[in-house]
Amino acid sequence: MRRLFFSAVLMSGSLLAGCASAPNEPTLTLLTQKSPEQFTACVMPKLQDNALSPSLSQTQRHYRIVVSSSVAADNVIEAYKASNGGKVFVYERSLINSGFGRAAKDCV
């Protein structure tokens with residue numbers, strides 16, 4: 001009985017630790033010949049056409065598009081300047097397919 005209890009505690013602790021320390025790895029990493037500004041100008045209308053409400057922020061070398069979710073973590077697209085175009089990271093975190101990643105692929 002004691003072994004069973006100890007095993008159950010260990011298993012549940014492992015599962016909880018896995019949820020709490022889930023890596024923040026991108027769903028997609030894309031390379032593009034477009035600048036971050038050109039890429040963003042392509043993606044924003046596609047997301048809006050899919051009835052999403054993206055918000056855009058930028059710095060000198062980086063554009064960030066965020067689509068907020070009330071039930072999951074926000075979906076994020078980050079576009080960075082690279083030596084010959086841009087590098088794009090897509091973090092699609094919703095459980096349902098919203099076309100978020102597809103919009104990014106279409107604009108590469």
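Atom set for the values below is all heavy atoms of this structure, side chains included, hydrogens, waters and symmetry mates excluded.
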*Any side-chain heavy atom of Pro54 sitting closer than 4.5 Å to one from Gln48?*
yes

*asked:* When you compare the side chain of Ile65 with that of Leu47, does any pair of heavy atoms fall below 4.5 Å?
replied: yes

For the hydrophobic clusters of this structure (ILVMFWY residues joined by side-chain heavy atoms under 4.5 Å, transitively), does one cluster hold both [X] and [Y]?
{"X": "Val90", "Y": "Leu56", "result": "yes"}
{"X": "Tyr63", "Y": "Tyr91", "result": "no"}
{"X": "Phe100", "Y": "Leu30", "result": "yes"}
{"X": "Phe39", "Y": "Phe89", "result": "no"}

Can you name the nearest heavy-atom pair linking [X] to [Y], along with the distance?
{"X": "Gly85", "Y": "Pro36", "result": "O-CD, 4.3 Å"}
{"X": "Lys46", "Y": "Cys107", "result": "CE-SG, 3.5 Å"}
{"X": "Ala73", "Y": "Ser69", "result": "O-CB, 3.9 Å"}
{"X": "Gln33", "Y": "Asn84", "result": "OE1-O, 3.7 Å"}

*Check for a donor-acceptor pair, side chain of Arg64 on one end and backbone N or O of Glu78 on the other, with a separation under 3.5 Å.*
no

*Would Arg93 and Asn24 count as a side chain to side chain contact (heavy atoms under 4.5 Å, CB included) if you check the C-alpha gap in whole Å, the side-chain angles of each, and the deciding distance to 0.1 Å?*
CA-CA 10 Å; Arg93 299 177 176 129; Asn24 196 14; 2.7 Å; yes

*Looking at Thr40, Val66, Val43, Val67, which one forms a side-chain contact (heavy atoms from CB on, under 4.5 Å) with Ile77?*
Val43

*asked:* Please report the interatomic distance OH(Tyr80) to OG1(Thr59), rounded to the nearest 0.5 Å.
replied: 8.0 Å

*Do other residues, nucleotides or ligands put more than 12 heavy atoms under 6.0 Å from the NZ atom of Lys34?*
yes

